[in-house]
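For reference, the structure discussed in these notes is given below.
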Amino acid sequence: MLLTTKFLRPATDPRAVQRDRLSSLLAPGHPKRLNLVLAPAGFGKTTLVSQWCARTSGPIAWLSLDEHDNDPQRFWQYVASAFEHAGLTGLEPCQKSLSGSTDDSINSAITALVNALAADGGPWVLVLDDFQFAANDRVHRQFGYFVDYLPAGVTVTLISRSEPPLPLARWRVRRWVQEIHPALLAFSEDECREFFHSTMGMVIPDQDVQAICQRTEGWVAALQLSALSGSDRGLEQIKSGVAQDAPTAALSIDERHISDYVLSEVLDKQPDEIVAFLLDTACCPRLCASMCDSIRETDNSQEMLESLLSQHLFLIPLDNHNEWFRYHDLFRDALLHRIGHADPTRAHQLWQRTVEWLLDHGQVQGAIAQIVQNKDWPWLARVLATHGNNLIHGGYHLPVLNWLDELPADEIKDSPQLQMLRVWGHFFANRLDNLEHLLANVEDLLDQRVADSAPDAEGALGVQSEIMLIRSYLARSRSDDKNASDLTRQVLAEIDHTQIPLKSVTYYGLGLDDYGKGDLPGAEEALKSAVHYGQVERKPSTVLSSGGLLAWIQYNRGDMDLALETCTNVRKWVDQHYADPSQPRLISCWLSASLTEIFRERNQLRDAAAHLEPLLEHVNKGAEPGQHIIIQHVRGHLAFSDGRYQEAIEYLADAEQVGRKRREHIVFEPPASSALFARCHLAAGQAARARSILESVQSHTLTNPLNREQNSISYARLLVDEGMPQQALEILDALMAAAMHNEHTRHVVEALLVSAEALDQQNRSEECQERLARALSVAAEAGFLRLFAEESPRLQALLLESPALKNGGNWQRNLTEMLLSPNSEPSSATATGTQPMASKTNASRPARELAEPLSQRELEVLELINAGYANKDIAVRMGVAPATVKAHIRNLYGKLDVGRRTEALAKARELGILTG
């Protein structure tokens with residue numbers, strides 16, 4: 001006897017959410033033979049397929065399987081009868097074969113069923129619901145045979161909680177299979193809203209819909225249980241099916257009902273081995289085989305995880321390698337509820353092992369989150385004392401402050417280390433107003449420990465060094481540069497006697513001090529040390545900040561290739577060591593600003609804008625004031641280079657305002673936006689406004705020589721524009737020597753250009769051309785390009801007429817093209833010098849022949865350039881003056897007919913002079 005009710009398709013609820021995006025995937029089509037709808041209980045699998053069937057015009061055979069249908073003979077009797085119940089004729093041979101119980105008779109029955117379908121020729125659909133109950137290996141082999149020989153136009157749809165062991169890989173290659181998995185079945189936010197309104201007859205606020213959708217991850221059974229646990233009036237409306245005048249209901253997730261559902265519908269139906277694994281690993285927020293093996297003290301976790309994944313037991317992959325997973329949050333909550341009540345001692349032991357594994361494998365934030373959730377405050381205090389410093393310097397100062405706030409006061413009041421963490425957290429969050437009070441508290445505690453003869457003298461010395469370092473940064477915010485430098489150097493002198501990793505932050509402070517004094521070589525050395533020790537101490541934020549400022553200095557000094565290499569290497573190191581996809585990407589203001597300036601100067605404005613983009617979000621969210629000024633400065637410079645003067649003026653006005661209002665919160669002197677601000681007004685024809693800006697700034701003391709030089713050069717431009725060339729020359733000649741001595745190469749080029757225009761106004765043509773030639777020579781070596789297009793139209797005309805520009809190499813040709821078409825960009829290859837254009841001079845000469853061979857000294861210089869050395873480093877290695885090195889480089893460039901380092905190296909390789 002067969003139950004005919006198993007052939008009845010479930011009726012569709014007209015109020016149910018219509019899921020057209022999924023129904024279209026189930027539609028028959030060549031060469032598809034099989035729909036596979038896989039998901040755990042309560043994901044709406046049957047409802048979806050039933051809705052699709054209701055809208056399908058062809059004949060449909062439906063069969064709902066149960067635990068009694070695992071026998072091959074019974075299974076195929078039901079399949080054949082489902083077709084017969086739906087109207088398929090010619091099944092007598094099939095039924096006759098099924099009267100036997102051998103494999104041969106069943107195979108004959110399957111063949112007869114396939115023949116009957118072929119004879120009918122109709123577009124049949126067979127739906128097998130709850131196919132997971134057909135767990136017999138013989139059934140699987142026979143069903144694979146059935147699908148392999150199905151006639152064209154017949155489509156089978158399997159609804160299952162687990163993936164059946166069928167030859168799916170072979171069928172996928174043949175494009176026979178359409179799969180719908182839990183991620184597709186999960187309701188979207190719009191579908192959740194429609195479910196509550198249309199299906200459940202409730203109107204709830206959008207924020208509640210969002211919260212419930214996120215918490216349930218679109219699991220429809222959890223949505224329904226949430227709705228059924230709503231207000232009494234809402235529940236009565238659901239029962240009666242009345243939806244008119246539905247009130248706005250306040251809903252929340254009913255954890256108890258959902259947990260009961262999970263335990264009864266999912267967990268209690270699994271084998272003991274699976275249940276044990278699920279309960280043992282429920283404490284893991286994220287799972288991998290190594291972690292599970294460690295906490296379970298077994299070695300089969302990878303196989304268990306893959307088994308869970310194939311059964312779709314609420315296990316969600318977090319990568320493409322089946323290495324990391326997580327459970328659906330509500331499923332995990334139900335598991336935790338079960339083991340917490342059944343065996344609380346083991347549950348706590350497993351949780352401790354999980355936290356220890358996370359700490360041992362560097363996943364400190366995940367471990368802390370677990371500790372906070374369990375409110376184990378002594379353990380949290382120990383973990384923060386050990387790892388808090390690196391977390392703060394890794395960019396996670398705000399979470400550390402939140403965790404410190406979670407700790408009871410008794411855990412902090414006697415710990416200088418934890419109090420110092422709070423100081424660093426406030427410092428990195430730019431909350432400087434309360435720092436003196438916090439520092440005083442730490443100092444009082446240290447004094448008390450000395451008075452009490454506490455044994456941790458070395459630890460106290462380390463905290464004292466931290467205090468001095470913080471005070472040095474506070475001194476910088478007050479423009480007390482001498483005190484800042486003295487404190488920093490004192491820390492450096494004592495740093496080897498402490499166990500606290502402070503060298504990177506200390507050297508960064510020294511770099512800021514030297515940069516503030518305009519000593520770019522000194523700042524460069526300090527920042528290189530900061531990058532090195534930051535990598536040793538594993539402080540990514542310090543590495544990024546130090547490397548970014550180092551690149552900024554290298555850019556201003558005229559070593560743009562080296563600056564780009566610095567940015568690339570620093571970013572690569574941080575991404576290799578700190579690339580947690582669950583955390584936001586660490587961003588350095590200095591680094592991104594340097595990249596923006598480098599690509600802007602190379603006339604690659606689109607690339608510059610791409611590097612600026614992540615900084616704009618930082619500004620919108622409220623950047624630290626010093627960073628805010630840097631970002632708006634480079635943003636304004638990019639707009640100025642692009643001829644968008646009004647936009648540039650708005651950005652720079654904002655930078656100026658922040659600089660005036662929040663100077664006490666800035667621990668370094670940011671770029672002088674006033675100089676660029678005045679240039680924008682001058683370019684826009686507003687000379688009076690430019691003069692007002694520059695004169696107002698002159699009333700303030702600028703401690704950074706770079707900023708003083710920028711303002712002086714802008715003031716000289718103003719004087720030239722106003723027809724006072726002699727005064728401009730006096731200003732420029734006064735700053736030129738110092739700029740050259742301090743390697744402020746960009747300023748040297750700008751001063752030469754502006755002074756050339758002043759000389760032209762005085763009709764001193766020969767001197768004008770001499771300065772233009774010098775400017776072109778220095779800029780070509782450094783790789784500066786865009787700054788020429790930012791000068792006045794008259795100066796650009798003088799440049800185009802200059803013999804020095806007409807007789808040059810690739811760089812000079814690129815500059816000429818840019819001046820003639822200022823809004824066009826060079827190709828990437830041309831801009832970076834990776835594929836230099838063939839010069840007319842060498843076009844007819846054999847590739848490996850030079851008009852004048854390179855001298856031994858020039859070959860030595862070329863090898864050192866190829867090794868990545870800067871000019872001053874080459875001078876040290878060769879034992880000559882930097883000026884001598886520059887002379888060799890000029891001769892080298894002339895013989896190779898190039899204008900910059902990358903072109904020289906490419907040309908040397910082309911000629912066979914270099915092979916590496």
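Note that the numbering runs from 1 along the sequence shown for the chain. Atom set for the values below is all heavy atoms of this structure, side chains included, hydrogens, waters and symmetry mates excluded.
Between the side chains of R557 and T745, no donor N or O sits under 3.5 Å from an acceptor N or O. H628 and D654 form a side-chain donor-acceptor contact under 3.5 Å, judged by distance and modelled atom types alone. Side-chain polar atoms of S673 and E656 form no donor-acceptor pair below 3.5 angstrom. Side-chain atoms of T566 and Q554 include a donor-acceptor pair closer than 3.5 Å.
From H611, atom NE2 reaches atom CD of E597 across 12.5 Å, with rounding to the nearest 0.5 Å. R382 contributes atom CZ, which lies 14.0 Å from atom CD of Q417 (distance to the nearest 0.5 angstrom). In this structure, the separation between CG on D513 and OH on Y507 is 13.5 Å, given to the nearest 0.5 Å. Taken to the nearest 0.5 Å, the CG atom of L549 stands 5.0 Å off from the CH2 atom of W590. A distance of 5.0 Å separates CZ in F599 from CG in L564, rounded to the nearest 0.5 Å. Note that CZ of R353 and CG of D360 are 13.5 Å apart. Values are rounded to the nearest 0.5 Å.
A donor-acceptor contact shorter than 3.5 Å links the side chain of S712 to the backbone of R708. Counting only distance, with no hydrogens or angles, the side chain of Q419 and the backbone of K413 share a donor-acceptor pair below 3.5 Å. At distances below 3.5 Å, at least one donor-acceptor pair connects side-chain atoms of E601 with backbone N or O atoms of R786. Within the 3.5 Å criterion, the main-chain N or O of G548 finds a donor-acceptor partner in the side chain of S594. Formation of a donor-acceptor pair under 3.5 Å by the D559 side chain with backbone atoms of L562 is not found in this model. A donor-acceptor contact shorter than 3.5 Å links the side chain of S714 to the backbone of A675. Within the 3.5 Å criterion, the main-chain N or O of W357 finds a donor-acceptor partner in the side chain of H361. D642 places no side-chain N or O within 3.5 Å of a backbone atom of L638 that could act as its donor or acceptor partner.
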Chi angles and distances behind the side-chain contact (heavy atoms from CB on, under 4.5 Å) call for R571, L544: CA-CA 7 Å; R571 184 76 259 176; L544 280 172; 4.1 Å; yes
The test is side-chain contact (heavy atoms from CB on, under 4.5 Å); show your working for N742 and D519 and say whether it passes. CA-CA 6 Å; N742 292 319; D519 179 7; 5.7 Å; no
Verdict with supporting geometry, S674 and N711, side-chain contact (heavy atoms from CB on, under 4.5 Å): CA-CA 7 Å; S674 55; N711 269 25; 3.0 Å; yes
Are W424 and V505 close enough, and set up right, to give a side-chain contact (heavy atoms from CB on, under 4.5 Å), and what steps lead you there? CA-CA 12 Å; W424 280 113; V505 187; 4.1 Å; yes
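Between H637 and F640, the ring-plane angle classifies as tilted under the 30° and 60° cut-offs.
For the pair R746 and F784, the cation-pi criterion (under 6.0 Å, within 45° of the ring axis) is fulfilled.
Taking 4.5 Å as the limit, every side-chain heavy atom of W379 sits out of range of all side-chain heavy atoms of N374. Between L384 and L404, some side-chain heavy-atom pair lies under the 4.5 Å cut-off. Looking at heavy atoms from C-beta onward, N556 lies out of side-chain contact with H744 at the 4.5 angstrom threshold. A heavy-atom distance below 4.5 Å is found between the side chains of V383 and V364. Side-chain contact between L359 and I368 is absent, with no heavy-atom pair separated by less than 4.5 Å. You'll find the side chain of M420 reaches within 4.5 Å of the side chain of L439, heavy atoms only. No side-chain heavy atom of L287 sits less than 4.5 Å from a side-chain heavy atom of W324. Looking only at side-chain heavy atoms (C-beta outward), L612 and L616 come within less than 4.5 Å of each other.
Closest of all the heavy-atom pairs between P614 and A610 is CD-O, 3.4 Å. Considering all non-hydrogen atoms of both residues, R286 and Q363 come closest at NH2-OE1, 3.4 Å. Smallest separation of non-hydrogen atoms from G425 and I392: N-CD1, 3.8 Å. In terms of heavy atoms, G534 sits closest to S504 at N-CB, 3.3 Å. Considering all non-hydrogen atoms of both residues, I630 and A593 come closest at CG2-CB, 3.7 Å. Residues C567 and L595 come closest through the heavy atom pair CB-CD2, 3.6 Å.
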